[in-house]
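Each remark here refers to the structure printed beneath this line.
What's counted below: heavy atoms across the whole structure, side chains too, no hydrogens, waters or symmetry copies. By convention in this document, chain letters (A, B, ...) are assigned in the order of the sequence lines, proteins followed by strands, and residues within each chain are numbered from 1.
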There are 2 protein chains.
Amino acid sequence: MTERAITASGATRLRIKSAALDLYAAKGLDGVTIRSLTEHANANMAAINYHFGSKDQLTFEIFRDIARKSAQARIAMLDELQAECAAAERTPKIREIIETFVAPYLDENDPRSGVLLAQLIMKHRAGPNAWTEAVVREELDGMALRYIGLLLEAAPHLTSKAVHWRYHLMVGGIVLALSDSASSNRLERLSGKAMAPQDIASKRREIVDFLVAGFGGD
Amino acid sequence: MTERAITASGATRLRIKSAALDLYAAKGLDGVTIRSLTEHANANMAAINYHFGSKDQLTFEIFRDIARKSAQARIAMLDELQAECAAAERTPKIREIIETFVAPYLDENDPRSGVLLAQLIMKHRAGPNAWTEAVVREELDGMALRYIGLLLEAAPHLTSKAVHWRYHLMVGGIVLALSDSASSNRLERLSGKAMAPQDIASKRREIVDFLVAGFGGD
DNA sequence: TTGGAAATGAAACACCTGTTTGAAACGGCT
DNA sequence: AGCCGTTTCAAACAGGTGTTTCATTTCCAA
């Protein structure tokens with residue numbers, strides 16, 4: 001009884017989700033209306049409420065998935081890193097930790113996710129919400145605590161308070177750096193067009209180098 | 001002919017501006033309606049269009065003033081710093097430069113301005129606007145270039161590209177750290193209530209220390 | 001083939017936004 | 001006092017938002 005429902009409804013459901021990812025990445029969290037959304041998805045307005053219950057619920061699902069995917073990717077990388085370190089009887093280095101943290105924001109194969117992740121966090125800061133709160137608490141907080149613990153080990157010269165602060169400063173730096181290339185491109189403007197913002201590899205290098213230095217070296 | 005107009009209109013004009021500062025700082029850029037605004041200002045809805053032309057124009061004036069004030073404060077501090085350094089025949093240190101940059105965000109006498117400044121920048125990144133663009137370009141870009149130049153001198157081990165990047169990462173870190181204490185208080189939650197977010201002095205110290213380290217030491 | 005649930009579509013709905021209107025009240029000046 | 005430009009006020013307005021309605025179509029199973 002549910003099988004046909006799944007396959008049949010799956011079509012427009014997926015079309016809507018896909019269009020939502022595109023539009024949110026392009027126009028930002030406040031620039032997408034239900035009308036523009038259904039137009040890009042070749043669907044009817046009512047389809048959103050029919051398939052998702054409400055626009056808020058759709059948005060929640062979208063960003064919960066993005067956040068969960070990024071958290072899982074980081075957890076996998078951290079597991080691998082810690083296994084490696086356990087074998088070599090050493091603790092992870094600051095640079096290694098930070099590289100796993102930055103990775104989901106700068107995935108060459110999926111640049112959209114990094115932008116969306118940044119938008120989620122900015123939205124949660126600029127005007128928190130029932131669903132931003134839920135996404136951050138349920139998908140991101142645990143991962144953040146793991147990073148803070150690891151960084152605390154890797155940077156024994158820093159107090160716990162300092163590591164907490166620097167974790168948050170790190171997130172902020174990444175998020176706003178990401179959003180810059182996504183919209184206003186202030187970095188390119190101020191540097192006199194000398195910067196190539198599309199070069200993800202060098203972008204990652206600059207960001208990681210700064211953050212590693214911020215935590216007190218490699 | 002203008003005198004009485006100025007004094008008479010000045011009253012509600014100022015009341016509206018003051019209420020706007022309060023509400024924008026408390027509710028964020030997207031949480032203030034013309035109705036809540038005039039209610040808090042004991043004014044009529046039409047007063048906003050009568051005195052400011054439009055809600056957008058009012059918002060523009062508010063944030064242009066905030067941005068201008070912060071830029072002027074920083075310019076004054078930089079002038080003093082550079083005069084001091086010229087007398088001592090040395091160049092400004094990274095820490096000295098960054099302390100002037102952070103200062104307007106963490107003014108004990110006016111904590112509202114820091115929050116508003118952070119909101120302006122987040123809004124400009126999350127969803128740029130005609131007036132955010134104008135404020136950033138006209139009030140902030142020149143100051144940013146001066147900082148980048150100074151930091152380039154103070155951190156000769158960094159390339160120009162690196163300094164540009166780190167300047168933007170610095171802004172991002174400050175802005176999101178500021179917005180955290182303003183709304184979601186994630187730092188306090190994750191640290192198990194061990195952090196005292198109201199202690200501005202130690203907050204400034206943590207931020208500056210991280211940024212100084214990020215630029216490669218003192 | 002046919003019955004009935006699932007899905008779609010066009011239109012209307014209710015709500016909230018910023019803006020405008022036109023009349024009333026105010027306040028200084030002659 | 002009487003005038004007139006300035007300012008205030010309540011109400012209505014226009015535009016956009018998400019949601020709902022209900023008739024229609026689609027599609028699978030009996």
Side-chain angles (χ1 to χ4, degrees), chain A residues 1-21 23-24 26-63 119 123 126-127 129-132 134, chain B residues 1-21 23-24 26-63 119 123 126-127 129-132 134:
Chain A
M1 60 182 286
T2 47
E3 294 145 58
R4 78 163 167 235
I6 286 174
T7 55
S9 82
T12 60
R13 225 188 111 92
L14 283 179
R15 267 201 336 274
I16 290 174
K17 269 196 160 186
S18 168
L21 284 170
L23 283 182
Y24 275 132
K27 311 256 181 183
L29 257 161
D30 294 327
V32 177
T33 69
I34 238 175
R35 285 167 177 80
S36 70
L37 191 48
T38 49
E39 189 176 346
H40 276 73
N42 275 327
N44 187 272
M45 278 198 318
I48 285 180
N49 292 281
Y50 181 77
H51 287 289
F52 297 93
S54 68
K55 188 203 179 189
D56 250 45
Q57 183 64 24
L58 163 63
T59 311
F60 167 71
E61 282 188 32
I62 294 277
F63 283 91
Q119 281 179 355
K123 173 68 178 178
N129 220 335
W131 65 260
T132 62
Chain B
M1 57 181 287
T2 47
E3 295 147 55
R4 79 166 162 233
I6 285 174
T7 55
S9 81
T12 60
R13 226 188 112 92
L14 282 179
R15 263 198 341 271
I16 290 174
K17 269 197 159 186
S18 169
L21 284 171
L23 283 182
Y24 276 132
K27 311 258 180 182
L29 257 161
D30 294 327
V32 177
T33 68
I34 238 175
R35 284 168 176 81
S36 70
L37 190 48
T38 49
E39 189 175 346
H40 276 74
N42 275 327
N44 188 273
M45 278 199 318
I48 285 179
N49 292 281
Y50 180 78
H51 287 289
F52 297 94
S54 70
K55 187 204 181 190
D56 251 44
Q57 183 65 24
L58 163 63
T59 311
F60 167 71
E61 282 188 33
I62 295 277
F63 283 91
Q119 281 179 354
K123 173 71 176 177
N129 220 337
W131 66 260
T132 62

[X] [atom1] to [N] [atom2], straight-line distance once rounded to whole Å:
X        : N      : atom1 : atom2 : answer
A:Asn49  : C:dA14 : CG    : C1'   : 14 Å
A:Tyr50  : D:dT21 : OH    : P     : 15 Å
B:Arg15  : D:dC9  : CZ    : C1'   : 13 Å
A:Asn129 : D:dG18 : CG    : P     : 13 Å
B:Ile48  : C:dT21 : CD1   : P     : 18 Å
A:Lys55  : C:dA14 : NZ    : C1'   : 17 Å
B:Phe52  : C:dG18 : CZ    : C1'   : 15 Å
A:Leu23  : D:dT17 : CG    : P     : 13 Å

query: Under 4.0 Å between a side-chain N/O of B:Thr12 and OP1 or OP2 of D:dT7, yes or no?
result: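 Negative; the distance criterion is not met.
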- prompt: Closer than 4.0 Å, any side-chain N/O of A:His51 to the OP1 or OP2 of C:dT8?
  reply: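 Answer yes for this pair, as a side-chain N or O of A:His51 is under 4.0 Å from OP1 or OP2.
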task: Kindly state which residues belonging to residues 33-46 of chain B come within less than 4.0 angstrom of DNA chain C, counting heavy atoms of the residue only, listed by number.
output: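 Those residues are B:Thr33, B:Ile34, B:Arg35, B:Met45, B:Ala46.
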query: NZ of B:Lys27 to OG1 of B:Thr33: how many Å apart, nearest 0.5 Å?
result: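 Reported to 0.5 Å precision, the distance equals 9.5 Å.
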- prompt: So how far is it from B:Ile16 CD1 to B:Phe52 CZ, rounded to the nearest 0.5 Å?
  reply: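 Reported to 0.5 Å precision, the distance equals 5.5 Å.
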Under 3.5 Å donor-acceptor pairs involving side-chain atoms of residues 38-48 of chain A, not counting sequence neighbours:
from: A:Thr38; atom 1: OG1; to: A:Ile34; atom 2: O; distance (Å): 2.9
from: A:Thr38; atom 1: OG1; to: A:Arg35; atom 2: O; distance (Å): 3.2
from: A:His40; atom 1: ND1; to: A:Ser36; atom 2: O; distance (Å): 3.0
from: A:Asn44; atom 1: OD1; to: A:Ala46; atom 2: N; distance (Å): 2.9

- prompt: Does B:Lys17 NZ have over 12 foreign heavy atoms under 6.0 Å away?
  reply: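 Atom NZ in B:Lys17 is packed in, count exceeds 12.
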message: If I compare all heavy atoms of B:Gln119 with all of B:Tyr24, which pair ends up nearest, and what's the gap?
response: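 Nearest heavy atoms, B:Gln119 then B:Tyr24: OE1-O, 2.9 Å.
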message: To check you understand the geometry: which heavy-atom pair defines the closest contact between A:Glu61 and A:Arg13, and what is its length?
response: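 Shortest heavy-atom separation between A:Glu61 and A:Arg13 comes out as OE1-NH2, 3.1 Å.
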